[in-house]
Asker: 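Quick one: structure below, then a few questions.
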Protein chains: 2
Amino acid sequence: METRAPSLTEQMRNGNLFAEQCPSRDVLKHVTSRWGVLILVALQGGTHRFSDLRRKMGGVSEKMLAQTLQWLEADGFVNRKSYPVVPPHVEYSLTPLGEEVSEKVAALADWIEGNLPKVMASRNERDA
Amino acid sequence: METRAPSLTEQMRNGNLFAEQCPSRDVLKHVTSRWGVLILVALQGGTHRFSDLRRKMGGVSEKMLAQTLQWLEADGFVNRKSYPVVPPHVEYSLTPLGEEVSEKVAALADWIEGNLPKVMASRNERDA
DNA sequence: CGGCATCCGATCAGATACTG
DNA sequence: CAGTATCTGATCGGATGCCG
């Protein structure tokens with residue numbers, strides 16, 4: 001089949017995920033990473049502390065939670081606010097930019113959660 | 001902050017990404033994998049052959065393309081049609097279920113492509 | 001409490017060679 | 001053309017220990 005001509009919106013895009021070296025791939029990687037998705041969805045509920053997030057997200061290690069939070073912070077999606085007290089107190093929240101992506105990510109996450117039975121059924125058919 | 005009570009839709013969900021052993025995590029993994037995203041978006045344009053996909057998606061190896069296609073096929077998102085001719089001819093397309101996820105995935109991909117400048121700006125601020 | 005540094009095994013992913 | 005098989009390096013990701 002033919003390759004359709006690029007639409008107007010496509011021409012105006014500043015990133016192209018199909019280009020091998022495009023930095024948009026890094027952003028996608030952070031956002032769709034194993035824990036990135038859950039962080040973005042979890043923070044939709046409002047500000048959370050590090051330990052809150054860790055408790056909420058089953059199975060995440062301290063290391064990966066910290067690392068993923070740093071990625072998302074560097075990309076401008078997550079805001080990190082540290083209170084200089086003992087014991088330390090750090091709060092994470094979504095930036096305006098983060099609110100936008102998290103909506104897209106949450107829409108995908110919701111779809112998957114809601115349609116899981118159909119997917120499981122498809123897998124079982126294949127086994128039979 | 002308080003944990004809000006589960007909404008009605010949340011209660012009706014059949015999957016829960018925050019649960020460590022929930023199979024929905026595997027589905028998310030396939031769909032948001034490095035090449036899974038690109039495959040789902042690419043197939044929105046219609047049926048594609050293996051080589052078409054490979055050419056279109058910069059940087060993917062034969063192995064990973066084949067493997068990712070198999071994941072998506074097993075999950076019921078992608079349809080594989082093989083014509084028994086020489087040389088072989090195999091066509092990939094989205095199933096109705098796949099059309100649905102691909103919309104969510106494409107919405108995310110589009111957002112990232114369109115907002116890449118903002119993200120890059122955020123990164124640069126941090127460096128300064 | 002919220003990290004960081006190090007070590008280490010598991011998994012991912014590319015290159016290459018081979019096949020129907 | 002559309003894969004599979006194998007090998008190998010790269011990266012992911014968890015466990016542990018330490019620190020402000």
Side-chain angles (χ1 to χ4, degrees), chain A residues 1 17-21 23 25-39 42-43 47-75 78-93 126, chain B residues 1 17-18 20-23 25-39 42-43 47-75 78-93 126:
Chain A
M1 83 161 278
L17 288 168
F18 288 93
E20 190 167 358
Q21 23 54 297
R25 284 201 176 175
D26 292 327
V27 181
L28 184 71
K29 184 174 183 174
H30 299 159
V31 166
T32 63
S33 68
R34 184 171 180 190
W35 307 115
V37 172
L38 299 209
I39 289 173
L43 288 183
T47 297
H48 283 72
R49 296 184 61 173
F50 188 87
S51 299
D52 289 340
L53 284 172
R54 185 149 152 61
R55 247 186 312 277
K56 191 165 185 174
M57 299 163 44
V60 68
S61 67
E62 286 183 356
K63 176 186 170 181
M64 293 315 299
L65 180 55
Q67 183 173 110
T68 308
L69 281 168
Q70 283 172 16
W71 287 340
L72 297 178
E73 192 196 355
D75 288 345
V78 164
N79 206 332
R80 180 182 185 275
K81 184 162 189 178
S82 172
Y83 297 86
V85 295
V86 248
H89 184 112
V90 180
E91 288 182 353
Y92 292 94
S93 58
R126 203 160 311 275
Chain B
M1 86 162 281
L17 287 168
F18 287 94
E20 190 167 357
Q21 22 55 294
C22 181
R25 285 201 177 176
D26 292 327
V27 181
L28 184 71
K29 184 175 183 173
H30 300 159
V31 165
T32 63
S33 68
R34 185 170 180 191
W35 307 116
V37 171
L38 297 225
I39 289 173
L43 289 183
T47 297
H48 283 72
R49 297 183 61 172
F50 188 86
S51 299
D52 289 340
L53 284 172
R54 185 148 152 61
R55 245 185 314 276
K56 189 165 185 174
M57 299 164 43
V60 68
S61 66
E62 285 185 14
K63 176 186 168 182
M64 292 314 300
L65 181 55
Q67 184 174 109
T68 308
L69 281 168
Q70 284 172 15
W71 287 341
L72 296 178
E73 191 195 356
D75 288 344
V78 164
N79 207 330
R80 179 181 185 277
K81 184 163 189 179
S82 173
Y83 299 86
V85 294
V86 243
H89 184 112
V90 180
E91 288 181 354
Y92 293 94
S93 57
R126 204 158 311 276

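Numbers restart at 1 for each chain; the letters A, B, ... are given by sequence-line order, proteins then strands. All of these numbers come straight from a predicted model, not from anything done at the bench.
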Asker: Tell me which residues in residues 58-66 of chain A put a heavy atom below 4.0 Å from DNA chain D, sorted by number, or none.
Answerer: A/G59, A/S61, A/K63, A/M64
Asker: Between atom CG in A/L69 and atom P in C/dC4, what is the gap in whole Å?
Answerer: 10 Å
Asker: Would you indicate what B/P87 reaches in the nucleic acid, counting non-hydrogen atoms under 4.0 angstrom: base, sugar-phosphate, or nothing?
Answerer: sugar-phosphate
Asker: Separation of A/H48 atom NE2 from C/dC1 atom P, in whole Å?
Answerer: 16 Å
Asker: Compare side-chain N and O positions of B/S51 against OP1 and OP2 of D/dA2 and report whether any pair is under 4.0 Å apart.
Answerer: yes
Asker: Over all heavy atoms of both residues, which pair between B/T68 and B/S33 is shortest? Give the atoms and the distance, please.
Answerer: CG2-OG, 3.8 Å
Asker: In the structure I gave you, are the side-chain heavy atoms of B/Y92 and B/N79 within less than 4.5 Å of one another anywhere?
Answerer: no
Asker: Taking atom C1' of D/dC1 as reference, at what distance in whole Å does atom CG of B/D52 sit?
Answerer: 11 Å
Asker: Can you confirm whether B/R49 sits close enough to B/V90 that some side-chain heavy atom of one is under 4.5 Å from a side-chain heavy atom of the other?
Answerer: no
Asker: For D/dC1, does OP1 or OP2 lie under 4.0 Å from any side-chain N or O of B/R49?
Answerer: no
Asker: Think A/K29 has a side-chain N or O under 4.0 angstrom from the OP1 or OP2 of D/dC12?
Answerer: yes
Asker: So how far is it from A/R34 CZ to B/R25 CZ, rounded to the nearest 0.5 Å?
Answerer: 6.5 Å
Asker: Is any side-chain N of the basic residue among A/R55 and A/D52 closer than 4.0 Å to the acidic one's carboxylate O?
Answerer: yes
Asker: To the nearest Å, give me how far apart CD (B/Q67) and P (D/dT6) are.
Answerer: 15 Å
Asker: Can you find a heavy atom in the side chain of A/F50 that is under 4.5 Å from one in the side chain of A/L69?
Answerer: yes
Asker: Could you please name the option among C/dG14, D/dG3, C/dC1 that lies closest to any side-chain atom of B/F50?
Answerer: D/dG3
Asker: Does the side chain of B/Q70 get closer than 4.0 angstrom to OP1 or OP2 of D/dT4 through an N or O atom?
Answerer: yes
Asker: Do any side-chain nitrogens or oxygens of B/R34 fall under 4.0 Å of OP1 or OP2 in C/dG14?
Answerer: yes
Asker: With distance as the sole test, does A/R54 use its side chain to make a donor-acceptor pair with the main-chain N or O of A/V60 at under 3.5 Å?
Answerer: yes
Asker: Taking atom P of C/dA13 as reference, at what distance in whole Å does atom CH2 of B/W35 sit?
Answerer: 9 Å
Asker: Atom CZ of B/R54 and atom P of C/dA13: how far apart are they, to the nearest Å?
Answerer: 15 Å
Asker: Please report the distance, rounded to the nearest Å, between CG in A/L53 and P in C/dC1.
Answerer: 14 Å
Asker: Provide, to the nearest angstrom, the distance between the CD atom belonging to A/E20 and the P atom belonging to C/dA13.
Answerer: 14 Å
Asker: Can you check whether B/Y92 has a side-chain N or O nearer than 4.0 Å to OP1 or OP2 of D/dC1?
Answerer: no
